[in-house]
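Numbers here are sequence positions counted from 1. Atoms within each ligand, like the ligands themselves, are counted from 1 in listed order. Atoms considered below: every heavy atom in the structure, side chains included; atoms not considered: hydrogens, waters and symmetry mates.
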Amino acid sequence: MAVQVDLAIRGPAAYGLAQRVITEMESAGVWPTPLNFEIWLNAVHEPEGALATEIQRVLDAEGAISEADSERLAAKFLPRNKLSEQMRDAGAVLDRELSSVADVIAEAHRSQHAYGRTLAGASETISHTQDGQGLKTLVASLTSATEKAQAETAKLEQRLESSTEEIARLRENLDQVRREAMTDALTDLANRKAFDEQLARACAHADATGSPMTLALLDIDHFKRFNDTWGHQTGDQVLRYVASVLSRVCGETRFAARFGGEEFALIFPGEASGAVSCALEVIRKEIASRSLRRRSTNDDLGAVTISGGFAERQAGESLLALMERADAALYRSKRTGRNLISAAETRVRAA
Ligand code: C2E
């Protein structure tokens, strides 16, 4: 749902949708706060969905929606908030586990102390005991103290083992949540946030090692026209198709992300512009080589093409400057006929 809203508010119907959102908020009597806008945007976009149904239920039952209702709706239905709720839940479980482990350790500490006192007492008694019966009693009390200490240790081990398992499960869940937060749900590529982080890392690595690094920006040609002609669902399939070619050609060493809308970004760590130009040509040709079909009607959609621009990072160049050069190269490809890949101009440094 989130991705489709994301596409809708950047598509041809965006302003109509935004106006309907304002109208619906006004008629529900809620303030147009950023939170309410997001809630109503999702509800208006999917009028049969669970969020819209819940809003209607609250309006029918209470006649109005309070700010508390809005908070509750956001926490329950907005994907971003669901994510932070999962993080909060994981944090609470971790807190519980850590405090229970701390309790067990404190208890083990106390029982080790008591055992130590018993041993010290025993050694004192031994030095004064002459008769066999006294020694027998002493050994019996030492045996019982040792058994108690062993039982405590076994309890501690068992508790630590189950905490370790719980923490491993938690870590897996958190990894999953983190992965989701960094992934574009429609195409399964990295999202913009993951791209920003990866680009900063790749530049830092290039600075540290003196190795080359190249950035490419790609854009699907005439995507809006495509969406208007065949509908958003088919548009989504086109995005998935382009993404599948990108991730296949990029493999493990390069980084492909959905930059936003119909735009994609690729990072080529350790690769200079010559190699990148060849790789981008492979991508461009492969994308254009296939004639797609509309699944619902089997209509021939023809071939999809992309335009691209790439820039090899110059020493000390800022991320912004690098992005600007790649973007300018992309727009040169668009202006000069599309279905083209262009290299960025080299920035001339002031002497
Ligand atoms: P998807 O529909 O989830 O398909 C995933 C993969 O399953 C495809 O990867 C392809 O390897 C295989 N597959 C699915 N349907 C067919 C089919 O009818 N014939 C054949 N030979 N293989 C099929 P691929 O090709 O990399 O495509 C990735 C995504 O791109 C697809 O995900 C779909 O969303 C989109 N796509 C690709 N080609 C078309 C097309 O001709 N029409 C539409 N509407 N979407 C397409």
Original post:
Do Ile220 and Phe264 have side-chain heavy atoms sitting under 4.5 Å apart?
Top reply: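 Sidechains of Phe264 and Ile220: in contact.
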Subject >> First-shell residues of ligand 1 [heavy atom, distance under 4.0 Å] >> reply: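 Residues within 4.0 Å of ligand 1: Gln237, Arg240, Tyr241, Ser244, Arg248, Arg290, Leu292, Arg293, Arg295.
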**OP:** Identify which one of Asn42, Asn36, Leu41 satisfies the side chain to side chain contact (heavy atoms under 4.5 Å, CB included) criterion when paired with Ile39.
**Re:** Asn36
Original post:
Mind checking what makes side-chain hydrogen bond (donor to acceptor under 3.5 Å, both in side chains) contact with Asn191, not counting sequence neighbours?
Top reply: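 Checked Asn191 against side-chain hydrogen bond (donor to acceptor under 3.5 Å, both in side chains); zero matches.
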**OP:** Taking only Lys NZ, Arg NE, NH1 and NH2, and the carboxylate oxygens of Asp or Glu, determine whether Arg313 and Asp207 approach each other closer than 4.0 Å.
**Re:**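 Yes.
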**OP:** Tell me, please, which residues at least two apart from Glu71 pass salt bridge (Lys or Arg N to Asp or Glu O under 4.0 Å).
**Re:** none
Original post:
Listed by chain and number, what are the salt bridge (Lys or Arg N to Asp or Glu O under 4.0 Å) partners of Asp95, not counting sequence neighbours?
Top reply: none
